[in-house]
Amino acid sequence: DLQVRSRRQRQMCIRDRIEILQKRFLHKMESKQTSWESLEKYFTNYDTIQLHSQRYLHMLDFHVNQTPDNCKVLDAGSGTGILSKKLLEKGNKLISIDINENALSFLREKTKYNKNISISKADLSINFPIKEKVDIAHSMIVLPFPNNTTKYIQNIFNSLNENGKIVISAWNCVDDIYVGAIEKLEEELLVKKVLNKYSVNQTWNNIKKNGYSFAKEILKKNLTEHKLSILLKKIGFKNILIYDGIYNNKYTYHITAEK
């Protein structure tokens, strides 16, 4: 009996170790799938897709309208620079930072003749490479993806002048986020015949492949507007305003706050 019990215990131990290794392997695979660096193929025709999304255009208007002319502005997760370019058109001076060099290459091309923009590659959830202060900081559909949300928000806070403002649009943690983020956009792109072009369709297929991973990460992070507003207050922000259900869209939420 003792030998049988001992053998069973060893077998259970082996099974447990195998299960742990399997979980570690799956975690590594998910990490690779959701890495910002793995998205470099997306940025070909990325602007075309986003600029045909009514939800994206509404968010873009929200951020632009929150920004007066002739300010010093941080775009904290600029991507290909759609927002940065719009803010430059208002006479603002831009500091645009993103973790993905491929995305930044598109921004550099768009703004190569503009002297009012500084572009840097950095992970703002680790460090902030610019020492100068800004009047307004934008975080447009970056959250909840940074590895360390608290550090990301803290670095933005530190970059702001006194009474400076942060403007946030973030993905909301709702059960059907994949439907909202991917399927509804696909319907819109089909109606507008954007996906008829082969190259655009290739880009969209790449986005769809990782869509479930990103939806899963949004749900896993569970960064609701309530939790984010608490974090902003804890870091030191004041006058926190939540723009709930703006544009009748439950899939994203919008917040402004002041230092």
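Please read these numbers as outputs of a predicted model, since none were measured by experiment.
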Quick one: ring pair (Phe, Tyr, Trp, His ring centres under 6.0 Å) partners of Phe128, sequence neighbours excluded?
none
I want to know whether Tyr243 and Phe62 have ring centres closer than 6.0 Å.
yes
Short side-chain to backbone donor-acceptor contact, Arg108 and Ala103, under 3.5 Å:
no
Exactly one candidate in Tyr251, Tyr212, Trp171, Phe214 meets ring-ring contact (aromatic ring centres under 6.0 Å, His included) with Tyr178; the answer is Tyr212
Other residues, nucleotides, ligands: >12 heavy atoms within 6.0 Å of Lys165 NZ:
yes
In terms of heavy-atom contacts, does NZ of Lys233 have more than 12 from other residues, nucleotides or ligands at under 6.0 Å?
no
Please identify each residue that fulfils side chain to side chain contact (heavy atoms under 4.5 Å, CB included) with Lys259, with sequence neighbours left out.
Lys133, Phe157, Leu160, Glu162
Quick one: list whatever passes side chain to side chain contact (heavy atoms under 4.5 Å, CB included) with Pro129, sequence neighbours left out.
Ile97, Ser120, Ala122, Leu124
Residue list, side chain to side chain contact (heavy atoms under 4.5 Å, CB included) with Glu187, at least two apart or on another chain
none
With Glu132, which residues qualify under salt bridge (charged side-chain N to carboxylate O under 4.0 Å, His left out), at least two apart?
Lys72
Group every Ile, Leu, Val, Met, Phe, Trp and Tyr by side-chain heavy-atom contacts under 4.5 Å, then state whether Ile168 and Ile230 land in the same group.
no
Over 12 non-hydrogen atoms of neighbours within 6.0 angstrom of NZ in Lys238:
yes
Pairing residues for Lys221 by the salt bridge (charged side-chain N to carboxylate O under 4.0 Å, His left out) criterion, not counting sequence neighbours:
Glu217
Tell me every residue that passes side-chain hydrogen bond (donor to acceptor under 3.5 Å, both in side chains) with Ser96, counting only those two or more places apart in sequence or in another chain.
Ser84
By salt bridge (charged side-chain N to carboxylate O under 4.0 Å, His left out), which residues pair with Lys93, not counting sequence neighbours?
none
Under 3.5 Å, is there a donor-acceptor pair between the side chain of Asp135 and the main chain of Gly164?
no
Considering residues at least two apart in sequence or located in another chain, which fulfil the salt bridge (charged side-chain N to carboxylate O under 4.0 Å, His left out) criterion with Lys234?
none
Residue pairs, two or more places apart or on separate chains, that pass side chain to side chain donor-acceptor pair (under 3.5 Å) and touch residues 140-152
Ser139-Tyr152
I'd like to check the side chain to side chain contact (heavy atoms under 4.5 Å, CB included) partners of Asp175; sequence neighbours left out, ordered by chain and number.
none
What pairs meet the ring-ring contact (aromatic ring centres under 6.0 Å, His included) rule with one or both residues in residues 68-103, with sequence neighbours excluded?
none
